[in-house]
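Everything on this sheet refers to the single structure shown next.
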Amino acid sequence: MRIQTDEARCEGHGLCADVAPEVYDLDDDAVVVLRHEVLPENLGAKAEAGARACPVAALRVIA
Ligand code: SF4
């Protein structure tokens with residue numbers, strides 16, 4: 001399972017990081033960054049919840 005991020009689309013609202021702080025963070029420019037290069041198995045549901053929270057669909061979790 002991995003996460004595809006579309007940094008160009010990200011508007012830095014931070015909802016993903018609010019919902020799943022274990023998975024998502026924002027950099028100094030308020031663009032989403034992933035906390036893990038390889039997503040740990042146990043964070044799959046969190047990753048999906050964070051992706052669903054994104055208002056501009058900048059995150060995609062790929063099984
Ligand atoms: S919720 Fe979407 S727009 Fe907001 S920081 Fe996360 S990826 Fe970016």
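Numbering starts at 1 and runs along the sequence shown. Note that the coordinates shown come from a computational prediction; the quantities given were computed from them, not determined experimentally. Whatever order the structure lists ligands and atoms in, that order sets their numbers, starting from 1.
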Between L15 and P55, the two heavy atoms sitting closest are CD1-CD, 3.8 Å
Leaving out waters, which are not shown anyway, how many protein N, O or S atoms lie closer than 2.8 Å to atom 2 (Fe) of ligand 1? 1
For residues C10 and A30, report the shortest heavy-atom separation together with the two atoms involved. SG-O, 4.1 Å
Calculate, to the nearest 0.5 Å, the distance between atoms CD and CZ belonging to E37 and R2 respectively. 12.5 Å
The answer for which part of T5 has a heavy atom under 4.0 Å from ligand 1 is neither
Each residue besides M1 in its hydrophobic cluster should be listed here, by chain and number; the cluster joins Ile, Leu, Val, Met, Phe, Trp and Tyr at side-chain heavy-atom distances under 4.5 Å. I3, V23, Y24, L26, V32, L34, L39, L43, L59, V61
Using a strict cut-off of 4.0 Å, indicate which atoms of ligand 1 neighbour a heavy atom of L26. 5 (S)
Report yes or no: does D29 contribute a side-chain atom to a donor-acceptor pair with the main-chain N or O of V31 at less than 3.5 Å? no
Contact summary for H36 and E22, nearest pair of heavy atoms: NE2-O, 3.0 Å
May I ask you to decide if D25's main-chain N or O and R35's side chain share a donor-acceptor pair within less than 3.5 Å? no
